[in-house]
Asks: 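My questions will all concern the structure given below.
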Amino acid sequence: MRGRNYRRIAAILLMCLMTLSVCGTASAKTIAITGATIRVGLAIEPGDTLPDIEVINTSTDVQEGRAAYVAAKSDKYEIESAEWVTSEDRYVTVGDMPKMRIYLNPGIASSGNEYAFRGSYGSSSITVKGGTFVSARRESDGVLAVVVSVPVKGTYAAPANAQWRYNGLGRAEWNTELDRYDDYIGAVTSGYYDVCLYRGNAVVHKLENYHGTSYNFYPYMTRRGTYYFKVRTVPHTAQQKQYGKSSAWTESDEIYIDEDHVSDGSGQVDANGIETGTTQVGWIRSGSDWYFRFPTGQYQTNGWLQLNGIWYLFDGNGRMLTGWQQWKGAWYYMQPNGTMQTGWIKAGDKWYYLNTAADGVEGAMRTGWLTQGGKVYFLNSSGAMAEGWMAFNNKYYYFYPGYGYMATNTTIDTYFRVGADGAWIP
């Protein structure tokens with residue numbers, strides 16, 4: 001608290017001494033203080049109460065390691081004291097702007113002249129670093145009382161108790177313990193959260209800036225698999241976003257949903273929170289993956305599916321497969337759109353042949369001899385088309401590079417004759 005009586009006595013004594021010292025000389029001048037610069041700082045965590053304010057009159061630099069302070073450096077004035085206007089018993093949170101009242105005393109120049117606060121002061125004459133000017137009032141004894149607001153900055157605490165509710169399949173909840181402390185919960189959390197549901201490494205459903213501490217994810221658990229969710233606290237108001245940072249993620253335990261307990265998708269909502277009312281069927285995209293769902297709510301898994309005469313292959317989780325895939329000992333190539341390739345295909349710098357329906361097992365990669373269009377080819381054990389000279393059963397054959405078919409009844413490189421069966425005739 002201010003020592004008003006102490007200042008009045010000190011001022012009277014000072015005036016007496018000055019009167020004695022300047023007896024017979026001109027009176028000391030009074031110089032008006034035209035402005036002042038103050039730095040304020042507050043470094044506390046969400047959920048703390050306001051600490052005592054330290055007064056510093058030697059610097060206006062940032063003061064690290066101090067919970068709350070006010071600082072100035074001038075020969076014209078000094079900070080006498082500071083006190084909180086905002087209640088010191090209230091829990092504060094990120095984005096709060098508690099107010100402090102700072103008392104400035106005028107100083108005395110080395111020449112003996114006196115400084116004084118005269119007239120009115122506003123934001124144009126009072127510079128506040130680290131805070132915002134609110135008001136200034138000149139008191140009767142020459143002291144200037146300045147009120148400033150100081151932002152509470154920081155990172156929100158990560159949500160606690162992220163878990164699945166035991167009596168509701170797919171019901172997620174978090175921060176349940178904070179519900180017991182209504183006066184405290186508003187300080188340590190904004191009450192808004194980002195929440196993500198995962199199946200394996202894939203994001204199944206995402207909530208942004210969600211207000212609440214529980215959510216029913218079951219409508220989105222439409223495929224068997226292992227599910228878990230992550231949640232973090234996020235700033236919500238403009239002031240919270242300016243001064244606060246999102247918390248770290250808190251991750252729940254995993255739960256497994258089998259085929260008998262998957263959701264049919266009922267209860268899913270759109271971005272506006274309105275229930276969609278219909279269950280998605282057919283092709284469904286999740287992230288970069290595609291799935292196929294039947295009207296029964298089941299997904300095609302672990303095998304082949306023919307749609308409109310086109311074959312697709314799915315893994316055990318229902319994900320449509322692309323690229324080279326091995327199935328029951330044979331290799332198949334699934335195009336980027338998932339359709340099964342047949343006929344010739346070039347992969348890297350090699351050519352491969354995948355059976356058509358007329359060749360045998362449709363789509364299976366061919367090895368060994370192949371006759372097509374009256375021409376003979378050979379595909380080695382890796383499926384790659386032979387090119388150049390190749391030896392079989394102690395005989396040598398020539399396959400035209402880039403084309404792959406076997407040479408017959410001709411001469412290769414001027415000197416090497418091959419017969420009707422393609423074998424070199426020494």
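Bear in mind the structure is a predicted one, so any value in this text is a computation, not a measurement.
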Asks: Would you say that Gln300 contacts Phe294 through its side chain, given a criterion of any heavy-atom pair below 4.5 Å between the two side chains?
Replies: yes
Asks: Counting only heavy atoms not in Asn308, do more than 12 sit closer than 6.0 Å to its CG atom?
Replies: no
Asks: A quick test of your reading: do over 12 heavy atoms of other residues, nucleotides or ligands sit less than 6.0 Å from NZ of Lys230?
Replies: yes
Asks: If only atom types and distance count, is the side chain of Thr237 paired as donor or acceptor with the main-chain N or O of Gln240 below 3.5 Å?
Replies: yes
Asks: Apply side-chain contact (heavy atoms from CB on, under 4.5 Å) to Met385 and Leu379, showing your working.
Replies: CA-CA 4 Å; Met385 181 186 73; Leu379 304 154; 3.9 Å; yes
Asks: side-chain contact (heavy atoms from CB on, under 4.5 Å) between Lys375 and Tyr403: does it pass, once the steps are laid out?
Replies: CA-CA 10 Å; Lys375 297 182 183 299; Tyr403 299 95; over 6 Å; no
Asks: Looking at every heavy atom in both Phe399 and Gly404, which two are closest together, and how far apart are they?
Replies: CD2-O, 3.3 Å
Asks: Going by atom types only, do Asp89 and Ser87 share a side-chain donor-acceptor pair under 3.5 Å?
Replies: no
Asks: Identify the heavy atoms of Thr222 and Arg293 that sit nearest to each other, and give their distance.
Replies: CG2-NH2, 3.9 Å
Asks: Is the shortest heavy-atom distance from the side chain of Trp351 to the side chain of Ile345 under 4.5 Å?
Replies: no
Asks: Does any non-hydrogen side-chain atom of Arg223 lie less than 4.5 Å from one of Ser286?
Replies: yes
Asks: Indicate yes or no: at least one non-hydrogen side-chain atom of Phe217 is less than 4.5 angstrom from one of Ile255.
Replies: no
Asks: Whether the Thr356 and Asp359 side chains hold a donor-acceptor pair (N or O, under 3.5 Å, no angle test) is what I'd like checked.
Replies: yes
Asks: Under the criterion ring pair (Phe, Tyr, Trp, His ring centres under 6.0 Å), I'd like the reasoning laid out for Tyr215 against Tyr210: C-alpha separation, chi angles, the key distance, then a yes or no.
Replies: CA-CA 9 Å; Tyr215 190 80; Tyr210 173 74; 5.4 Å; yes
Asks: Thr342 side chain to Leu354 main-chain N or O, any donor-acceptor pair under 3.5 Å?
Replies: no
Asks: For Val94 and Gly154, which heavy atoms make the closest approach, and how far apart are they?
Replies: CG2-O, 3.8 Å
Asks: Side chains of Tyr256 and Glu254: does their closest heavy-atom pair fall under 4.5 Å?
Replies: no
Asks: Just wondering, are more than 12 heavy atoms of other shown residues or ligands nearer than 6.0 Å to CG in Asp253?
Replies: no
Asks: Is a side-chain N or O of Tyr121 found less than 3.5 angstrom from the main chain of Ser135, in a donor-acceptor match?
Replies: no
Asks: Work out which heavy atom in Lys76 is nearest to a heavy atom in Ile33; give both atom names and the distance.
Replies: O-CD1, 3.3 Å
Asks: State the OG1-NZ distance between Thr233 and Lys245, to the nearest 0.5 angstrom.
Replies: 15.5 Å
Asks: Please name the pair of heavy atoms, one in Ala145 and one in Glu139, separated by the smallest distance, quoted to 0.1 Å.
Replies: CB-OE2, 3.9 Å
Asks: Counting distance only, does the side-chain N/O of Gln239 pair as donor-acceptor with the main-chain N or O of Gly95 below 3.5 Å?
Replies: yes
Asks: Going by side chain to side chain donor-acceptor pair (under 3.5 Å), name the pairs with one or both residues in residues 362-373, residues two or more places apart or in two chains.
Replies: Trp344-Gln372, Tyr353-Gln372, Asn355-Arg366
Asks: Salt bridge between Lys206 and Glu208, side-chain N to carboxylate O under 4.0 Å?
Replies: yes
Asks: Examine distances only and state if a side-chain atom of Ser263 and a backbone atom of Met221 form a donor-acceptor pair shorter than 3.5 Å.
Replies: no
Asks: To the nearest 0.5 Å, tell me how far Arg232 CZ sits from Cys196 SG.
Replies: 8.0 Å
Asks: Between CE of Met320 and CH2 of Trp290, what distance do you get to the nearest 0.5 Å?
Replies: 8.0 Å
Asks: Any idea which heavy atoms bring Thr93 and Pro46 closest together, and the distance?
Replies: OG1-CB, 4.2 Å
Asks: Got a donor-acceptor contact below 3.5 angstrom from the Arg138 side chain to the Gly119 backbone?
Replies: yes
Asks: Rounded to the nearest 0.5 Å, what separates atom CZ in Arg171 from atom CG in Asn216?
Replies: 4.5 Å
Asks: Just wondering, do Leu169 and Ile257 contact through their side chains at under 4.5 Å, heavy atoms?
Replies: yes
Asks: When you look at CD of Glu45, are more than 12 heavy atoms from neighbouring residues, nucleotides or ligands closer to it than 6.0 Å?
Replies: no
Asks: From Asp194 CG over to Asn209 CG, what is the distance, rounded to the nearest 0.5 angstrom?
Replies: 6.5 Å
Asks: Does the ring center of Phe229 lie less than 6.0 Å from the ring center of Tyr227?
Replies: no
Asks: Are the side chain of Asn175 and the backbone N or O of Pro159 linked by a donor-acceptor pair below 3.5 Å?
Replies: no
Asks: Checking Asp258 now: which residues fulfil side-chain hydrogen bond (donor to acceptor under 3.5 Å, both in side chains) with it, not counting sequence neighbours?
Replies: His261
Asks: Quick check on ring pair (Phe, Tyr, Trp, His ring centres under 6.0 Å): which of Tyr400, Phe392, Tyr398 does Phe378 satisfy it with?
Replies: Phe392
Asks: Heavy-atom distance under 4.5 Å between the side chains of Pro235 and Ser246, does that happen here?
Replies: yes
Asks: Taking side chain as C-beta onward, heavy atoms only, is Lys129 less than 4.5 Å from Thr37?
Replies: yes
Asks: Where do Val203 and Tyr198 land on the side-chain contact (heavy atoms from CB on, under 4.5 Å) test, with the steps shown first?
Replies: CA-CA 5 Å; Val203 176; Tyr198 290 82; 3.5 Å; yes
Asks: Under 6.0 Å from the OH atom of Tyr166, do we count more than 12 heavy atoms belonging to anything else shown?
Replies: no
Asks: Could you check, using the six-membered ring where one of them is a Trp, whether Trp327 and Tyr332 have ring centers closer than 6.0 angstrom?
Replies: no
Asks: Out of curiosity, Ile126 CD1 to Leu104 CG, how far, rounded to the nearest 0.5 Å?
Replies: 7.0 Å
Asks: Under a 3.5 Å distance rule, please check whether Asn317 uses its side chain to pair with a backbone N or O of Arg319 as donor and acceptor.
Replies: no
Asks: Take Ser252 and Gln163, measure what side-chain contact (heavy atoms from CB on, under 4.5 Å) needs, and give me the verdict at the end.
Replies: CA-CA 5 Å; Ser252 74; Gln163 59 192 2; 5.8 Å; no
Asks: Among Val147, Val148, Val150, Val134, find the one that has a side-chain contact (heavy atoms from CB on, under 4.5 Å) with Val128.
Replies: Val148
Asks: Can you say whether the rings of Phe314 and Tyr312 are parallel (under 30°), tilted (30 to 60°) or perpendicular (over 60°)?
Replies: tilted
Asks: Could you tabulate the donor-acceptor pairs under 3.5 Å formed by side-chain atoms of residues 50-70, not counting sequence neighbours?
Replies:
unit_1	atom_1	unit_2	atom_2	d
Glu54	OE1	Arg66	NH1	2.6
Asn57	OD1	Ile79	N	2.8
Asn57	ND2	Ile79	O	3.0
Ser59	OG	Asp61	N	3.0
Ser59	OG	Asp61	OD2	3.3
Gln63	OE1	Arg66	NE	3.4
Gln63	NE2	Asp61	O	3.0
Tyr69	OH	Gln63	N	3.1

Asks: Check whether Tyr299 forms a cation-pi arrangement with Arg199 (NZ or CZ under 6.0 Å from the six-membered ring centre, at most 45° off the ring normal).
Replies: no
